[in-house]
There are 2 protein chains.
Amino acid sequence: MSTHATTRVAAPTRREQILREAARLFAERGFHGVGVDEIGAAVGISGPGLYRHFAGKDAMLAELLVGISERLLDGGRTRVSQDAAAGDGSPGSLLDALIEGHIDFALDDRPLITLHDRELDRLREADRKRVRRLQRQYVEVWVEAVRALYPALAEAEARMTVHAVFGLLNSTPHLTGALPDRDATAALLHRLARGAFAAAACSEVPA
Amino acid sequence: MSTHATTRVAAPTRREQILREAARLFAERGFHGVGVDEIGAAVGISGPGLYRHFAGKDAMLAELLVGISERLLDGGRTRVSQDAAAGDGSPGSLLDALIEGHIDFALDDRPLITLHDRELDRLREADRKRVRRLQRQYVEVWVEAVRALYPALAEAEARMTVHAVFGLLNSTPHLTGALPDRDATAALLHRLARGAFAAAACSEVPA
DNA sequence: GCAACACGTTAACGGTCACTAACCAGTGCG
DNA sequence: CGCACTGGTTAGTGACCGTTAACGTGTTGC
C-alpha cells in the first residue's frame with residue numbers, strides 16, 4: 001500500500017493512524033487497560049504528543065464510537081436507497097444487502113465492532129446519547145427491512161431478532177486468531193443470519 | 001470455603017454476596033472501571049474489608065470467570081447425560097436441551113455472561129488458560145450435538161456456527177432494561193438459534 | 001473469664017496514569 | 001532574516017487506586 005499515493009485515498013494522516021492503533025489497543029485490553037503512552041508508542045511518538053491531535057483519551061474513544069455508529073448507519077441507509085432505486089423486486093434483496101454490509105464491517109473492522117458494544121459506557125453523557133441515537137436508528141433501518149420481508153412478524157419481536165442477529169454477526173472477534181477463509185466465513189454468517197430471520201417469522205406464537 | 005454450613009443452600013454467605021455485586025459492577029463499568037471501595041460499599045462494608053474474603057480484586061474476577069465456565073460446562077454435560085439416558089429418540093432433543101440451558105443462563109445471569117467474553121484478558125495467565133480450556137470443552141459439547149443432528153455439516157463450520165449462536169444467545173444483555181416477558185423472550189431466542197443451525201446445515205457449499 | 005478468631009474499621013503508602021508545562025526543531029513565508 | 005505555526009520532546013504534578021498496617025469488637029470454645 002501506498003507510501004505516497006499521489007491520488008485519492010491519501011496517505012493515512014497522523015490522526016487516522018492514532019485512531020486505528022487506539023481502536024486496536026482498546027479492543028485488546030479495554031479502554032481503562034491501555035495508557036496514553038502505549039497508544040503513542042504504537043504510532044511512533046511518545047506519550048503526551050497525542051495531545052497535539054486529541055483533547056484527551058476520552059476524545060479518542062468518543063470519535064471512534066461516533067465514527068463507527070455513523071458509518072454503520074450511513075452504510076445501511078445507502079443500501080436502502082440503492083435497493084429502492086434498483087427496484088428489481090426480489091423481496092429479500094434489501095435484507096441481504098444489509099447483512100452483507102454488516103458482515104463486511106464485522107470482518108474488516110473487528111476492533112471497532114468490539115469497542116462498539118463494549119466501551120460505550122465510558123463516554124461522557126452527551127457522546128453516549130449521540131451514539132445510542134445512531135445505534136437506535138441503525139436498528140430501525142433493519143427492523144423496517146425485516147418487516148417488509150416478513151409482514152406477519154410483530155415489531156417487538158423483529159427488533160429483538162435484529163439485536164440477536166447483530167450478536168451473531170459480531171461474534172467473529174471472539175474467534176481467536178485470523179479466520180481461515182474470508183469469503184467462506186462471510187457466506188456462512190450470511191446464511192446463519194437469514195436462517196435466524198426465517199425462524200423468527202415462522203410459527204410466530206407457539207400456542 | 002463454607003464456615004460451617006451444615007446443610008445445602010444456606011443463606012447467601014458474605015463471599016457470595018460480594019461476588020454477585022462485583023459481577024454486576026464489573027459488567028456495568030468494566031473490571032478496571034470499578035474500584036474496591038465501590039464493591040465494598042455495594043455489600044455494606046467499606047474498602048479493604050474485602051481482603052478478609054479475597055486475596056485481591058484479581059481473585060474475585062478469577063473466581064467469577066472460572067465459576068461461570070465450570071457451571072456452563074457442567075450444565076452442558078449434565079444435559080448430554082440426561083438426554084442419552086432418556087433415549088427417547090427425537091433427534092434434536094439434545095440440542096434443544098443445550099439451547100434451553102444456555103438461554104436460562106443468559107437470562108438469569110446477565111452480568112456473568114457479559115463478563116464471560118469481555119474481561120477474560122484481565123486474568124493471570126494460569127487462570128486464563130483454565131477458563132479458555134473450559135470454554136473450549138463447552139463448545140465441543142455443542143459441536144458434537146450439532147453434528148449428531150446434522151452429520152453433513154463439516155466440523156469447522158459447525159464450530160463457527162456454535163460460536164455465532166453463542167453470540168446470538170448472549171445478545172440479551174445488550175437489550176437495555178428488563179425484557180418484557182421472560183418466557184416469550186426465551187422461546188424467540190430458542191427459535192432463532194434453531195433457525196441458525198438449520199441454515200448452517202442447509203446447502204453447505206454454494207457452488 | 002479469657003484466648004483465639006472472624007470480621008470490620010481507618011490511615012497510610014506506593015505505583016500508575018492522564019494531563020500540563022516548558023521547551024525545541026523544522027518548515028513556509030513576508 | 002525573522003516569525004509563526006505544527007508537531008514533537010522530557011519533566012513534573014495531582015489524583016486515584018489496590019493493597020497493607022495497625023487496630024478494634026463481638027462471639028465462641030475451653
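Proteins come first, then strands; the chains are lettered A, B, ... in the order of their sequence lines, and each starts at number 1.
In this structure, the CZ atom of B:R15 is 11 Å from the P atom of C:dC7, given to the nearest Å. The interatomic distance linking B:F26 (CZ) with D:dG18 (C1') rounds to 12 Å, in whole Å. Put simply, CZ on B:R52 is 14 Å from C1' on D:dG26, counting in whole angstrom units. One interatomic measurement links the two molecules: NZ of A:K57 to C1' of C:dT20, which rounds to 17 Å at whole-angstrom precision. Separating the CG atom of B:D37 from the C1' atom of C:dT10 is a distance of 12 Å, rounded to the nearest angstrom. To the nearest angstrom, P of D:dT19 lies 8 Å from CE of B:M60. B:H32 places its NE2 atom 12 Å from the P atom of D:dT19, with the value rounded to the nearest Å.
Listed here is the closest heavy atom pair of A:L188 and B:E157: CD2-O, 3.9 Å.
Sorted by residue number, the members of residues 39-51 of chain B with any non-hydrogen atom under 4.0 Å from DNA chain D read B:P48, B:Y51.
Cation-pi geometry between B:R71 and B:F105 is not met: the NZ or CZ atom fails to fall both under 6.0 Å from the ring centre and inside 45° of the normal.
Phosphate contact (OP1/OP2 of D:dG8, side-chain N/O of A:R14, threshold under 4.0 Å): present. Between B:H53 and C:dG8 there is a side-chain polar atom (N or O) within less than 4.0 angstrom of OP1 or OP2.
Between A:F166 and A:H102, the angle of the ring planes stays under 30°, which puts this pair in the parallel group of the 30/60° scheme.
In terms of the side-chain contact (heavy atoms from CB on, under 4.5 Å) criterion, residue partners of B:V36 (sequence neighbours excluded) are, by chain and number, B:L50, B:Y51, B:K57. With sequence neighbours excluded, the residues forming a side-chain contact (heavy atoms from CB on, under 4.5 Å) with B:R124 are B:D127, listed by chain and number.
Side-chain contact, A:H116 with A:N170: no donor N or O sits under 3.5 Å from an acceptor N or O.
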